[in-house]
Amino acid sequence: MPRYAPSRIEPKWQEWWEANHTFVSPRLPGKKKRYILDMFPYPSGDGLHVGHPEGYTATDIVSRFERMRGTSVMHPMGFDAFGLPAEEHAIRTGTPPAESTKRNIDTFRRQLKMLGFSYDWSREVATTDPGYVRWTQWIFLVLFDTWFDTTENRGRPISELPIPADVAAEGDRAVARYRDEHRLAFQSEAPVNWCPALGTVLANEEVVGGVSERGGHPVVRMPLRQWMLRITAYADRLDRELDGLAWPESIKKLQRDWIGRSTGAEVDFFIGECHGDTPADESFAAWQQTRKADGFPGKPTDDALRVYTTRPDTLYGVTAMVVAPEHPAVERLTRPEARGAVEAYREAASRKSDLDRTDLAREKSGVFTGSFCRHPLDGRLVPIWVADYVLASYGTGAIMSVPAHDSRDHEFAVAFGLGIVPVISPADGGEAELPFTAHGIAVNSGPYDGLATAAFLERVGSDLHSAGLGQPAVNYKLRDWLFSRQRFWGEPFPILHELDADGRETGVVRPVPESELPVPLPVLSDYKPGNTPDPPLSRANDDWLYVELDGVRYRRETNTMPQWAGSCWYELRFLDPLNSERFVDAEVERAWMPVDLYVGGAEHAVLHLLYARFWHKVLHDRGFVSWPEPFGQLVNQGMILGEMEFTGYRHPQGGWLSAEQTRVHPTQPGVTIDRETGDEATSVRIPAEQVEKQSEHFVLRDAPKIRVDSRAYKMSKSRGNVVNPDKIVQEFGADSLRLYEMFMGPLEATKPWSTAGVGGVRSFLERCWRLVVDERADDLALSSAVCDDPADEPQLRELHRMLEKVTSDIETLSFNTAIAKMMEFVNFCTPLERRPRAILEPFVKALAPFAPHLAEELWQVLGLPAPVSLADWPAIDERYLRDDTVEIPVQVQGKLRGRVTIDADADADAMIAAATADPRIAELLEGKTIVKTIAVPGRMVNFVVR
RNA sequence: GCCGGAGUGGCGGAAUGGCAGACGCGACGGAUUCAAAAUCCGUUGCCCGCAAGGGCGUGUGGGUUCAAGUCCCACCUCCGGCACCA
């Protein structure tokens with residue numbers, strides 16, 4: 001009984017493809033190439049999730065389709081294998097991370113192969129492979145060897161960095177220090193996000209609302225020597241060069257917002273000698289003279305407080321200056337009588353974690369320094385305050401406070417009783433409610449009164465510039481990338497710290513020679529991070545830790561790189577994974593890059609995708625890659641939620657609580673309470689057959705007054721709604737899983753899982769099977785209905801319409817409608833008692849990218865030579881796409897009143913004639929005046945009557 | 001609070017401004033069967049009607065148009081992201 005048996009067919013063809021190297025890509029592409037890439041997974045211990053195959057199936061369909069069209073396809077897969085879970089597992093169990101990682105990769109590889117993806121497995125890489133780490137470290141050294149030339153707006157070799165004469169005069173050490181300060185990879189002592197629970201420092205991107213993104217542990221700020229990558233140098237290009245990319249606009253916007261480019265002006269406020277004194281009139285006048293003569297200095301001078309503002313048109317509304325607690329001028333600006341309060345405030349601010357700063361942010365805090373500065377335009381005295389709502393790390397670390405036109409400044413002014421002076425009135429002449437942050441017309445602004453905001457900005461910009469008081473400035477929210485981690489399971493930095501005779505670091509660093517890469521991870525007995533930010537690698541034995549080179553002793557860098565490092569360039573390594581001379585061969589890189597289609601989750605919108613673009617641009621500037629951007633087209637697949645659930649609520653005193661009488665607990669998100677009493681309700685999952693829909697809501701069948709919630713939830717272990725792909729493959733087969741995931745809805749949409757739906761596509765595949773195979777025969781045999789008759793006209797029409805739809809839908813990634821069209825085709829063929837090969841064979845080809853195992857098997861049963869996976873994509877004959885006659889709707893007053901059949905190419909007059917000839921329409925038009933007739937050829941007729 | 005995205009049958013979803021609900025799930029009916037499973041065929045937005053037919057329908061309220069799920073304005077709900085960046 002040869003029923004459709006995926007468990008027999010699928011392994012058979014997977015082995016065949018592997019044995020015949022069906023999907024191996026050539027070193028160089030032919031005439032047309034497509035590089036189709038999935039975001040490679042982190043191989044977690046849980047194995048593949050049903051979310052993974054969604055994007056992977058989409059790219060697999062496109063890859064298989066393109067191969068059948070004769071395109072050279074690059075479609076690799078690998079593993080982003082460094083990461084915290086493996087290390088945490090190691091800490092708990094003592095298993096070296098390398099071992100558990102290998103095991104997890106083996107599981108992932110088995111699961112991916114089980115789904116029949118057409119990856120070129122000979123190109124597999126894991127970011128943890130020594131052969132891969134070597135080049136990650138090498139690229140780090142490229143960053144270390146690069147400085148950013150702001151005039152040319154590109155990275156250049158450090159050897160080309162111009163050395164100022166005064167630095168050169170100080171000698172080699174000074175020159176080395178100067179270079180170190182300008183490298184794209186540099187060390188910094190800035191405060192960092194230290195997470196005691198994870199025992200590591202985190203990047204800004206990994207801290208969400210003051211707690212770690214992973215695990216939600218508290219994060220505190222402390223100063224530490226860290227490696228930083230100067231991504232800010234590329235902020236402008238990372239922003240601008242998004243323009244040419246075929247990415248979703250929403251992702252581009254997320255990146256733009258993250259980069260946060262803003263334009264405005266830097267303005268200097270005179271503080272004089274300022275040891276807390278008020279600058280005198282005559283010294284202010286002298287300062288103004290000097291500035292007018294010498295212009296605006298590039299670096300702020302000690303006699304001025306420099307602010308950054310996007311609204312220099314509100315300059316006359318300034319009522320205070322506010323500087324960040326960490327601002328270097330605070331010391332000088334604080335008058336003796338305020339010193340105690342200011343010191344205390346700064347001390348408190350330095351100990352506040354980000355969590356405290358954001359949580360307490362609702363209430364503005366700050367202290368007055370006791371000193372004043374001079375307003376650059378009208379010379380008025382302006383008090384200087386310290387407040388932590390001003391960030392030291394943005395702009396100049398100081399702002400001019402304009403309470404009337406900035407909501408934060410407004411809150412601050414209200415809290416401390418500072419003046420509020422409106423200088424912009426609404427353009428419509430109405431009364432402004434303060435703070436009024438929109439554009440408008442200037443008032444109380446001296447010579448600028450009456451100017452519209454845009455004109456004001458232009459005028460005041462040039463006035464400030466010619467007076468030497470200000471200059472246009474651009475700022476970015478983006479911060480430099482904190483690139484070191486105090487963890488074990490990451491790439492070691494290929495950096496050596498020079499030691500003096502006493503074994504102390506001299507501050508001089510040198511790269512590990514290229515010939516000695518990769519720097520391997522040391523063998524440790526214990527992976528636990530310490531209580532201090534001292535990295536685990538510092539506990540390595542001396543053989544690893546200390547190195548002698550050219551007669552000098554060095555200690556290795558003991559920080560490791562973050563998980564993002566490996567994924568910053570893997571798209572390049574796939575092209576040439578075994579190259580031991582270069583990270584990727586130049587010819588190969590030029591031929592295959594950029595990635596033509598990149599599919600993955602939207603959660604990587606600002607992290608991975610920004611970092612990878614940054615590395616790519618550096619490699620491009622240094623001449624190692626030929627394109628400035630790695631990923632041409634990007635598509636985000638949507639999330640797959642668990643099955644739909646109905647949830648009812650039980651009252652603590654017993655009985656049901658209707659859903660609209662509940663709400664979520666204000667502080668505990670998982671808890672539902674009685675809206676009135678606040679009592680905690682118990683959530684109960686209700687089987688679908690016990691509910692019914694009543695107008696807008698679902699209610700209990702037995703108690704229709706009680707509403708229940710209906711929705712699908714994110715899959716999670718705790719909710720117990722995780723679907724395991726292994727089980728689905730076992731029960732339905734890989735082709736069914738692939739097809740179902742594509743049939744659920746649009747690729748980009750979030751959609752709920754339904755196991756019943758998998759059964760639906762499975763029965764479609766069974767219908768495909770019976771179209772070709774004789775299920776009643778004892779052995780695998782062709783159905784007797786399959787014949788060599790020529791296909792008739794209706795059959796060819798059905799076939800070519802299906803082919804046309806499937807082809808265009810794959811091109812637009814609309815797989816759900818492509819599958820629906822194939823289902824229609826099979827429904828058309830099933831009743832045929834004689835089924836011509838002429839329509840079956842092209843159908844099997846069209847099915848092949850979607851359900852490749854079944855297609856191969858059917859191809860073989862049809863007696864055709866394997867593999868159908870590389871057969872020519874069927875040609876579409878336009879002749880069969882057009883109808884001779886069409887049925888069109890006839891409307892009267894825009895309402896459908898009948899249908900008539902007309903020639904497909906009938907003109908408007910012929911259509912109207914046919915429509916009026918229809919007895920029903922004629923009846924409706926009887927006695928009415930036709931005011932207007934609309935006839936759209938081939939589409940419809942509409943009569944407007946009176 | 002700000003920025004995105006989405007609201008269409010019992011469910012997932014389809015629809016270049018031109019026949020709303022393709023396709024699938026579920027449900028119902030029929031054929032086949034001793035019976036069941038499987039399979040095949042059919043019906044299935046809601047309301048009125050024996051029927052022919054009619055009315056109402058794409059979150060809500062307005063608008064543009066001969067014609068709106070689709071375009072415009074206002075609002076509601078849900079999902080996702082950001083959150084003192086001057």
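As the structure is a computational prediction, the values presented were derived from the model and not from experiment. Within every chain, numbering begins at 1; the chains are lettered A, B, ... in the order of the sequence lines, protein sequences first and strands thereafter.
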Nearest-nucleotide pick for [X], side chain only, options being [options]:
X	options	value
A:L254	B:rG24, B:rG81, B:rC56	B:rG81
A:F698	B:rA22, B:rA86, B:rC11	B:rC11
A:Y389	B:rG13, B:rC3, B:rC84	B:rC84
A:W258	B:rU39, B:rG12, B:rC82	B:rC82
A:T817	B:rA22, B:rC25, B:rC66	B:rA22

Could you tell me how far apart [X] ([atom1]) and [N] ([atom2]) are, to the nearest whole angstrom?
X	N	atom1	atom2	answer
A:F646	B:rC11	CZ	C1'	8 Å
A:E766	B:rG24	CD	P	14 Å
A:R711	B:rG10	CZ	C1'	20 Å
A:L315	B:rA86	CG	P	17 Å
A:D406	B:rC2	CG	C1'	14 Å
A:E643	B:rG26	CD	P	12 Å
A:L896	B:rG21	CG	C1'	15 Å
A:K751	B:rC79	NZ	C1'	14 Å

Nearest nucleotide by nearest heavy atom, which residue falls closer to the 5' end of RNA chain B, A:R767 or A:I819?
-> A:I819
First of A:A398 and A:Q891 reached from the 5' end of RNA chain B, by closest nucleotide |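 First, find each residue's nearest nucleotide; the 5'-ward one identifies A:Q891.
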Touch class at under 4.0 angstrom, heavy-atom based, for [X] against every strand present:
X	result
A:S710	nothing
A:S262	sugar-phosphate
A:R256	nothing
A:G395	nothing
A:Q893	nothing
A:K477	base
A:R920	sugar-phosphate
A:M940	base
A:N816	sugar-phosphate
A:F943	nothing
A:V944	sugar-phosphate
A:I934	base
A:T310	sugar-phosphate

Only one of A:D239, A:D236, A:N475 passes side-chain hydrogen bond (donor to acceptor under 3.5 Å, both in side chains) with A:R261, and that residue is A:D236
Look through every strand shown and name the nucleotide pairing with [N] as Watson-Crick or G-U wobble, where both distances are under 3.5 Å.
N	result
B:rC40	B:rG30
B:rU64	none
B:rA83	none
B:rC23	B:rG12
B:rC78	B:rG5
B:rG57	none
B:rU70	none

Establish, with yes or no, whether the OP1 or OP2 oxygen of [N] is under 4.0 angstrom from a side-chain nitrogen or oxygen of [X].
X	N	result
A:N827	B:rG24	yes
A:N942	B:rG18	no
A:K253	B:rC3	no
A:R776	B:rA38	no
A:S754	B:rG24	no

Say whether, by atom type as modelled, one donor and one acceptor occur between the side chain of A:T901 and the main chain of A:V886 under 3.5 angstrom.
->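 Absent.
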Any donor and acceptor pair, going by atom type alone, linking the side chain of A:E411 with main-chain N or O of A:K364 inside 3.5 Å?
-> no
Donor + acceptor pair across side chains of A:S262, A:Y476 (<3.5 Å) =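 No, because no side-chain N or O of A:S262 sits under 3.5 Å from a partner of the opposite role on A:Y476.
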Just by distance, with hydrogens left out, do A:R685 and A:T647 show a side-chain donor and acceptor under 3.5 Å apart?
->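 There is no such pair (donor and acceptor under 3.5 Å, judged by atom type) between the side chains of A:R685 and A:T647.
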Say you pick atom C1' in B:rC66 and the same atom in B:rG13; how far apart are they, in whole Å?
-> 31 Å
Take atom P in B:rU65 and the same atom in B:rU70, then report the distance between them in whole Å.
->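 About 16 Å, rounded to a whole number of Å.
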Within the modelled atom types, does a donor on one side and an acceptor on the other bring the side chain of A:R939 and the base of B:rU16 under 3.5 Å apart?
-> yes
Does the base of B:rC23 carry an N or O that pairs as donor and acceptor with the side chain of A:K821 under 3.5 Å?
->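 No, no donor-acceptor pair under 3.5 Å.
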Please say whether more than 12 non-hydrogen atoms of neighbouring residues, nucleotides or ligands are located less than 6.0 Å from CD in A:E833.
->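 No, because the 6.0 Å sphere around CD of A:E833 holds 12 heavy atoms or fewer from other groups.
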Going from CD1 on A:I259 to CZ on A:R479, what distance comes out if it is rounded to the nearest 0.5 angstrom?
-> 13.5 Å
Given the rule in the ring-ring contact (aromatic ring centres under 6.0 Å, His included) test, do A:F743 and A:F815 qualify, once you have shown the distances and angles that lead to the verdict?
-> CA-CA 7 Å; A:F743 188 60; A:F815 307 109; over 10 Å; no
Please assess A:E775 against A:R3 for the test salt bridge (Lys or Arg N to Asp or Glu O under 4.0 Å), listing each intermediate value before the final yes or no.
-> CA-CA 6 Å; A:E775 242 187 346; A:R3 303 266 300 263; 3.5 Å; yes
